[in-house]
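Input: a single structure, listed below in structure tokens.
These figures come from a predicted structure and were not determined experimentally. The basis for the numbers below is simple: all heavy atoms, side chains too, and nothing from hydrogens, waters or symmetry mates. The sequence lines fix the lettering, A, B, ..., with proteins before strands; numbering per chain opens at 1.
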There are 2 protein chains.
Amino acid sequence: MADLQPPPEDIPGNEFEVIPPALAERIARRGAGATIYDIAELANVNPSTVSRALTKPGRMSQKTEARVRAAAERLDFRFNTAARALPTGRSHMLAVVVSDITNPMIFGILRGAEQAAAAAGYALVIAESQESGLAEAEAIQRLIPSVDGFVLATTRLSDLRIRDIASRRPVVLINRDVEHVPGILPDVRTGVDQLMDHLLGAGHRTIAYLSGPTSSWISRRRWERIVERAVDAGVAAVEIGPNAPTVDGGSEAVDRVRAARSTAVIAFNDLMAIGLMRAAAAAGISVPGEMSVAGFDDIFGSEFIVPALTTVRSDLARAGERSVEQLLGVLGVGEESTPLSELLETSLIVRGSTAPLA
Amino acid sequence: MADLQPPPEDIPGNEFEVIPPALAERIARRGAGATIYDIAELANVNPSTVSRALTKPGRMSQKTEARVRAAAERLDFRFNTAARALPTGRSHMLAVVVSDITNPMIFGILRGAEQAAAAAGYALVIAESQESGLAEAEAIQRLIPSVDGFVLATTRLSDLRIRDIASRRPVVLINRDVEHVPGILPDVRTGVDQLMDHLLGAGHRTIAYLSGPTSSWISRRRWERIVERAVDAGVAAVEIGPNAPTVDGGSEAVDRVRAARSTAVIAFNDLMAIGLMRAAAAAGISVPGEMSVAGFDDIFGSEFIVPALTTVRSDLARAGERSVEQLLGVLGVGEESTPLSELLETSLIVRGSTAPLA
DNA sequence: TTGTAGGCGTTATCAG
DNA sequence: CTGATAACGCCTACAA
């Protein structure tokens, strides 16, 4: 490229083969890359014109715009996001705060969110609360001044705190419903119903729910729906919990589960279901022979544990994607204008961990 | 708090019970929180004094500093990171770029990195390249102006490109060695040796290596060491690959693995090992009866697949942690001063997927 | 020890 | 359509 013959001066787009040494040196010495001032100098226009050309294309003379673009490209220009954020108040950063990054259900969300953000030229900041409401609140406070919005995935915060944050920055919730705050929710009702239909159809009359943390809205909702269905069907349902939403949390509940003498157990999530099955195996309880087990999420691993786990899947990547799309919509970036909560379809995946009552 | 009696004026730290309405309204109307100007007004000092008091504690009059701190706290002040980044050139953000966020080995790294970053008041920006070198390079270019440094985890970039990035921003590599660029590496030699000892000790004389992507430095290194050990021991070793470093990548290799007629297979990572075992099961090949299988990483799931996977574990959370500590060290933030590469200990986890040659 | 003033890179408001 | 100029919030010599 560089050793092509310099073309005639009047052919647009091929100018700027040569960068004035003075300019080049100044940029190099500064170290941080070219600025709109450098471009302005090279293209012989005012910095404000450069800003305009690069920010709102089409609103100015074709020729000038082309000149500016060419110069910018020649200097390998990138906006300084901090400088940009100052007058606009927009950092072009979104925060995703998750409770436990090692929960495989999270990375689906992250992938979806990252893609949607990247597609819109936004960067994703990630914060982990390690299941602690305090740490979560603190992290969010820290981030408020530097991000344009929040995706709160599986948050442990109170409604009050969430509203407070939402009043300062756009917030989209995942797996949590708070009035007046948009959220992406799995269709709990349908999901639980599918699972209950499956279990009831298999003849189970005593069902236990291994619940998650008290602060988990979605865990409560699942339990509520289970109760409704159990009452309707005239079968017994008991809640065992709260438990940590982890493999260990599931394992540690095995004695209480056994004591409940239920023939089927629905765990709040797959992590717990897997923990329970492992502990059950260690205790000599046969699954699904003596006890059927099911979970939610269909995480990596659910498919190949033995027996393979029956579970209610929801499209987490989609949830992550939709959450940032909603955020961008509120920020006026995307094409969206739907500020409301939406339900995500779920599907029951029947595998070997559940079986008809013997 | 707010309805306590206002204490005598001369007790420090208890001033500012009442915020002048004018100030309060101005801040509220602005919407973006208090600035050092607001604090200055409240504490009756110059903004630069506020900056000093908050930035370099101890270098000024105790009394003034206390006044400023009190005022700042009263106004719930947070630095505007963008504004701060402008004069200093420091965004207080670190980027972690990963090739595939759905690989369970990644979240160990992320957790460690996030913790270390948060502890130092840094935020973590995450970028995923989806195994594409182009996407990776593009994402990095975008981020260069807005982050203070990069952790490149399992990167697919060329040495040249990595050096280029490293010349613009501090870079720490994970699972990749490039001269003059600090990196956190597993101890490949020891790891492979442990595994080879195990396999050779079990009588295997024909070993296959299911390699990862061509661009994976660590995959090549593992293969090299396997070859060395095979030559030393006088046994046969063949490479089967390259393959995608995923479950599917492992599954799709099953025919080639079978064709190789090796009694033991070492996969580049656990994901591939799992894929291979599933495909083997589907094809009626017994593991470890007809074929032993081992992997690397000890990801979530390796323990409870059947048979449980023999694997070489390395402490990924530690790798993530060390990588940002090194970055912070270079940035002059941490207490560290070790700019060099370091080796992470690995340990062999023997499980059911490997067995003595029948 | 504290205040003054200029600058960081960009946007936005006005003129021209 | 383009240029000048004042913010944006903070930092940092330099001066007092």
What is the distance, to the nearest angstrom, from the CD1 atom on A:I144 to the P atom on D:dG9? 16 Å
Please state how far atom CD1 in B:I39 lies from atom P in C:dG3, giving the value in whole angstrom units. 14 Å
Is it the case that atom CD in B:E138 sees more than 12 heavy atoms from other parts of the structure closer than 6.0 Å? yes
Side-chain N or O of A:R84 closer than 4.0 Å to phosphate OP1/OP2 of C:dT11: yes
Just by distance, no angles: are the side chains of A:S99 and A:T154 close enough, under 3.5 Å, to form a donor-acceptor pair? yes
Do NZ/NE/NH1/NH2 and the carboxylate oxygens of B:E65 and B:R69 come within less than 4.0 Å? yes
Does a side-chain N or O of A:K56 approach OP1 or OP2 of C:dA12 to a distance below 4.0 Å, or not? yes
Select base, sugar-phosphate, or nothing to describe what B:V50 touches, counting heavy atoms under 4.0 Å on all strands. nothing
Looking at C:dC8, I'd like to know if its phosphate oxygens (OP1 or OP2) sit under 4.0 Å from a side-chain N or O belonging to A:N80. no
Is there a side-chain polar atom (N or O) of A:T64 under 4.0 Å from OP1 or OP2 of D:dT2? yes
For B:Y37 and B:E65, find the nucleotide of DNA chain C closest to each by heavy atoms; which residue's nucleotide sits nearer the 5' end? B:E65
C:dT4, D:dC11, D:dG3: which one has an atom nearest the side-chain heavy atoms of B:T88? D:dC11
Rounded distance (Å) that lies between atom P of C:dT11 and atom CZ of A:R52: 11 Å
Closer than 4.0 angstrom, basic N to acidic O: yes or no for A:R322 and A:E325? yes
Base, sugar-phosphate or nothing for B:R90? Non-hydrogen atoms, less than 4.0 Å. nothing
Atom CZ of B:R67 to atom P of C:dT1: distance rounded to whole Å? 17 Å
Output yes when at least one side-chain N/O atom of B:T49 is less than 4.0 Å from OP1 or OP2 of C:dT2, else no. no
Rounded off to whole Å, could you give me the CD1-to-C1' distance for the A:I36 and D:dG3 pair? 13 Å
Can you tell me how far P of C:dT2 sits from CE of B:M60, to the nearest Å? 5 Å
Mapping B:T35 and A:G58 onto DNA chain D by nearest heavy atom, which one lands closer to the 5' end? A:G58
Is it true that B:D38 and B:R74 make a salt bridge, defined as a side-chain N closer than 4.0 Å to a carboxylate O? no
Gap between atoms NE2 and P, on A:H92 and C:dG9 respectively (whole Å): 18 Å
Would one find more than 12 heavy atoms of other residues, nucleotides or ligands at under 6.0 Å from atom CZ of A:R168? no
Provide, to the nearest angstrom, the distance between the CG atom belonging to B:L86 and the C1' atom belonging to C:dG7. 9 Å
Can you tell me if the side-chain N/O atoms of B:N46 get under 4.0 Å from OP1 or OP2 in C:dT2? no
When we call it a touch if two heavy atoms are under 4.0 Å apart, what does A:S51 touch: a base, just sugar-phosphate, or nothing? base
Which nucleotide wins on minimum distance to the side chain of B:S48, given the candidates C:dG3, D:dC11, C:dT10? C:dG3
